[in-house]
Amino acid sequence: MKGLLPFCRGLYTLSNPQARRKAGVVCSQCGFCGTVSNRKPQPRFGLLFDIDGVLVRGRMPIPAAKKAFQKLVNSQGQFVVPVVFVTNAGNCLRQKKADQMSHVLGVPITMDQIIMSHSPLRMFKKYHDKCVLVSGQGPVLDIAKNLGFENVVSIDMLRESFPLLDMVDHNRRPKLPSATVGHLPNVEAVILFGEPIRWETHLQLIVDVLLTHGNLSGAHHSPTRAHLPLLACNMDLLWMAEAQSPRFGHGTFLVCLENIYKKITGRDLKYEALMGKPSELTYHFAEYLIRGQAIERQWKHPVTSLYAIGDNLMTDIYGANLYNRYLEERVKGRSHKAVAKMAATTTTTATASPQEGELDHPWAGELALPSATSCKSLLVCTGVYNPSTEAASSSSANQHIRENVFHGHRDFRFDPELVEPDHVVLDVNEAVDLIFHKENFVPQ
């Protein structure tokens, strides 16, 4: 026992020194003895939380959420592990969502911990100086400008300038003969933030913009060339609010738009990018924010493990597993583009990821390569997935998952492995307990 310091007692009684070292409760000098270190434990993992169906249902908080977050902050209100909220909502600014979550959870949340479905758009700088049409609800003009877009047009602005285009609702038709009343610049790209309120109006005017190549003063053209760039956020077909059954999400709106466009033109609608879960881009951005938190807290250990907690198989679980596949392939040194092809039927930027020397996407230069090597998925039973007659951990629950209808977006192919969670738990509090146990993490 040469070289051991005099205070290193209890050497032979330790049953799991590695676990104790990882938890930060061993001597920081020798690494073996049972002396409790004054150093606080430093996590090597980060948590990605979905919001709807995991922490809240509509405006109602899920009881397990507060219990879970009491374990995630210390007495000073600081998070003891890196935490990012990854939501497909897109109808407000990040600061407002942070304020909402602070109120719901009773812990301080900053906007830098929030990823909305539209957050990655700030990396698409090639469109920031172009005239873009935005669709959705809430303060869409403010959201677009906050993301860096300088020349923004809303659907309502189009209606006012071209009153003869919106004709489905008889009560909103012009009472007298009307003509173009304003002069807007030609639209150069279309951004879909989320499900709008008047679907018929948005569907009509978006198709008009695509078929006139942004010039609504003219008639529809035959689609002999590619339509304007189309960037869509939030692919959720369904989401969970206060009702007993899931509600239509923006993914349902996209289904309508895609089918209307194809019925009229005979061609598929093409996306320049698909953002929000399950896009790899969104998880890559989340990992970037997790790394930033660890650096800000001066935690020396790199974050190598991510845990994504969600309630939707087709977005939360699919996305986490897709990103985990990308991370695993990256560790193996294989091409990132090959990984993307395994996960999608088209080559949109939504499913492609960069590797060194391969920065050919408009966002790739904004992000460093990840430090994480895995992203594990945890499915909770408080939202879209809620097996009311089955035990969460039973084999019948897993069978139900495998046999589910694929509700994912058209451009993401169904892969049974991608919709099978690593763990199925009752709620978010149980998820946090499980993660702490797997990581041998004991917060102080």
Exercise for review: May I ask you to decide whether Asp411 forms a salt bridge with Lys270, counting only side-chain N to carboxylate O separations under 4.0 Å?
Suggested key: no
Practice item. Just do the salt bridge (Lys or Arg N to Asp or Glu O under 4.0 Å) check on Asp415 and Arg325 with the steps written out, would you? Key: CA-CA 12 Å; Asp415 183 335; Arg325 182 177 289 182; 3.1 Å; yes
Check your understanding: Can you tell me if Arg247 uses its side chain to pair, donor with acceptor, with the backbone of Ser245 under 3.5 Å?
Key -> yes
Review point. Does the separation of the ring centres of His407 and Phe412 fall below 6.0 angstrom?
Key: no
Review point. Hey, mind stepping through Phe49 and Phe69 against ring pair (Phe, Tyr, Trp, His ring centres under 6.0 Å) and telling me if it holds?
Key: CA-CA 11 Å; Phe49 289 96; Phe69 275 78; 4.9 Å; yes
Review point. Where do Thr87 and Met116 land on the side-chain contact (heavy atoms from CB on, under 4.5 Å) test, with the steps shown first?
Key: CA-CA 5 Å; Thr87 176; Met116 313 288 286; 3.9 Å; yes
Check your understanding: With distance as the sole test, does Asn321 use its side chain to make a donor-acceptor pair with the main-chain N or O of Glu420 at under 3.5 Å?
Key -> yes
Revision key, fill the gap. On a heavy-atom basis, the closest approach of Thr252 and Leu237 is OG1-O, 2.7 Å
Review point. Is a side-chain N or O of Glu280 found less than 3.5 angstrom from the main chain of Leu322, in a donor-acceptor match?
Key: no
Review point. What pair of heavy atoms forms the shortest contact from Asp112 to Leu289, and how long is it?
Key: O-CD1, 3.6 Å
**Study point:** Asn146 side chain vs Asp142 backbone, donor-acceptor pair below 3.5 Å
**Key:** no
Check your understanding: Is the closest side-chain donor-acceptor distance between Glu417 and Tyr318 under 3.5 Å?
Key -> no
Check your understanding: Which heavy atom in Ala286 sits nearest to a heavy atom in Val84, and how many Å separate them?
Key -> O-CG2, 4.2 Å
Review point. Between the side chains of Asn88 and Ser117, is a donor N or O closer than 3.5 angstrom to an acceptor N or O?
Key: no
Check your understanding: With distance as the sole test, does Ser371 use its side chain to make a donor-acceptor pair with the main-chain N or O of Val303 at under 3.5 Å?
Key -> yes
Check your understanding: Gln78: what forms a side chain to side chain contact (heavy atoms under 4.5 Å, CB included) with it, not counting sequence neighbours?
Key -> Asn74, Gln76, Arg297
Practice item. Would you check if the side chain of His103 reaches a backbone N or O of Asp99 as a donor-acceptor pair within less than 3.5 Å? Key: no
Exercise for review: Indicate yes or no for a side-chain donor-acceptor contact from Glu150 to the backbone of Lys130 under 3.5 Å, with no hydrogens or angles considered.
Suggested key: no
Practice item. Would you please say whether a donor-acceptor pair under 3.5 Å links the side chains of Ser374 and Asn324? Key: no
Check your understanding: Going through the checks in order, is the ring pair (Phe, Tyr, Trp, His ring centres under 6.0 Å) test met by His409 and Tyr271?
Key -> CA-CA 12 Å; His409 187 266; Tyr271 294 95; 5.3 Å; yes
Exercise for review: Indicate the atoms forming the closest heavy-atom contact of Pro108 with Ser102, along with that distance.
Suggested key: C-OG, 3.9 Å
Review point. Which atoms form the tightest heavy-atom contact between His227 and Leu210, and what is the distance?
Key: ND1-CD2, 4.0 Å
**Study point:** Residues forming a ring pair (Phe, Tyr, Trp, His ring centres under 6.0 Å) with Tyr283, sequence neighbours excluded
**Key:** none
Exercise for review: Scan side-chain atoms only and decide if Lys71 and Asn429 contain a donor-acceptor pair under the 3.5 Å cut-off.
Suggested key: yes
Review point. How about Phe193 and Phe253: are their ring centroids closer than 6.0 Å?
Key: no
Exercise for review: Indicate the ring-plane relationship of Phe248 and Trp199, choosing parallel, tilted or perpendicular according to the 30° and 60° boundaries.
Suggested key: tilted
Practice item. Determine, stepwise, if the pair Lys277 / Asp236 fulfils salt bridge (Lys or Arg N to Asp or Glu O under 4.0 Å). Key: CA-CA 8 Å; Lys277 298 172 291 186; Asp236 281 351; over 6 Å; no
Exercise for review: Verify whether one side chain among Glu272 and Tyr127 offers a donor that lies under 3.5 Å from an acceptor in the other.
Suggested key: yes
Point to revise | Test side-chain contact (heavy atoms from CB on, under 4.5 Å) applied to Leu158 and Leu184, step by step | key: CA-CA 8 Å; Leu158 289 187; Leu184 294 175; 3.7 Å; yes
Practice item. Look at the side chain of Arg330 and the backbone N and O of Thr373, then say whether any donor-acceptor pair between them is shorter than 3.5 Å. Key: no
**Study point:** Side chain Glu439, main chain Pro43, donor-acceptor under 3.5 Å
**Key:** no
Exercise for review: For Gln298, look at atom CD and say whether over 12 heavy atoms of other residues, nucleotides or ligands are found less than 6.0 Å away.
Suggested key: no
Review point. Salt bridge check: are Lys332 and Glu328 linked by an N-O gap of less than 4.0 Å?
Key: no
Review point. Would a 4.5 Å heavy-atom cut-off, applied to side chains only, mark Leu306 and Tyr323 as touching?
Key: yes
